[in-house]
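Inspection log for the structure reproduced underneath, given as structure tokens.
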Amino acid sequence: MSEGKAGNVSGGDRLPWVKNEMINNFASLQTLKWQVHIYGEFSDNVAEWCHQVGVVVEHFNWHETYAQFGLAQNALYLIRPDGYVALASSNNHLANLQSWYVKSKITFKRSGA
């Protein structure tokens, strides 16, 4: 189940790999766990909710390089263990996460998170 769009990245897309001498957003994917990637600013309630349900949060300070690969500033991407985007959210992050979670019926802690 994939949904949403933030920048040029939609739910169901493979997360774009952004790598240069300062950035590597794929390093965390080696854990093969559900993750939330946030590119820019976000609210603490997102991190708190993720911790409660067992999802790793990876925060990336915004850099224009991300935009070159289709990622949006202050966007949130829920990443499946296989590196594909389950949810792309450009706003209302917590509400979108909670809604996706309820519809998906996935239990992250049992899924390797």
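Not measured: the values here are computed from a predicted model.
- A 4.5 Å side-chain heavy-atom check between Asp13 and Ser10 finds at least one atom pair inside the cut-off.
- Of the possible polar contacts, none joining the Asn92 side chain to the Ala95 backbone as a donor-acceptor pair under 3.5 Å is found.
- Contact of the Leu97 side chain with the Cys50 side chain is registered, since non-hydrogen atoms from C-beta on lie closer than 4.5 Å.
- Under the 30°/60° scheme for interplanar angles, the aromatic rings of Tyr101 and Phe108 are found to lie parallel.
- The aromatic ring centres of Trp100 and Trp34 sit less than 6.0 Å apart.
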Check the pair Thr65 / Phe69 against side-chain contact (heavy atoms from CB on, under 4.5 Å), numbers first and verdict last. CA-CA 7 Å; Thr65 303; Phe69 290 85; 3.9 Å; yes
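- Met1 and Val36 fall within a single hydrophobic cluster, where Ile, Leu, Val, Met, Phe, Trp and Tyr side chains are chained together by heavy-atom contacts under 4.5 Å.
- Residues Arg80 and Ser2 form a side-chain contact, since some pair of their non-hydrogen atoms from C-beta on lies under 4.5 Å apart.
- Side-chain contact between Gln73 and Tyr39 is absent, with no heavy atoms from C-beta onward closer than 4.5 Å.
- Put simply, Trp62 and Ile38 are part of two different groups of oily side chains (I, L, V, M, F, W, Y) that touch within less than 4.5 Å, one to the next.
- Note on ring orientation: taking the six-membered ring where Trp is involved, the planes of Tyr66 and His63 are perpendicular (angle over 60°, cut-offs 30° and 60°).
- A 4.5 Å side-chain heavy-atom check between Tyr77 and Leu87 finds every atom pair outside the cut-off.
- Looking at Arg14, Lys33, His37, Glu58 one by one, the single match for side chain to side chain contact (heavy atoms under 4.5 Å, CB included) with Ile79 turns out to be His37.
- Environment of CG in Asp44: sparse, with no more than 12 heavy atoms of neighbouring residues, nucleotides or ligands closer than 6.0 Å.
- Counting only heavy atoms from C-beta outward, the side chains of Val9 and Val85 approach each other to under 4.5 Å.
- Hydrophobic clustering of Ile, Leu, Val, Met, Phe, Trp and Tyr side chains at less than 4.5 Å, counting indirect connections, keeps Leu29 apart from Val56.
- Ring pair Phe42/His59: centre-to-centre distance below 6.0 Å.
- Two residues are said to be in side-chain contact when any heavy atoms from C-beta on lie closer than 4.5 Å; Asn25 and Leu15 meet this criterion.
- Connection of Val46 to Ile106 is established within a shared hydrophobic cluster, with ILVMFWY side chains joined at heavy-atom distances below 4.5 Å, either directly or through further cluster members.
- In the displayed structure, Phe60 atom CZ is contacted under 6.0 Å by more than 12 heavy atoms of other residues, nucleotides or ligands.
- For the residue pair Asn74 and His93, the shortest heavy atom distance occurs at O-NE2, 2.8 Å.
- Using a 4.5 Å cut-off on side-chain heavy atoms (C-beta onward), Leu71 and Pro16 make contact.
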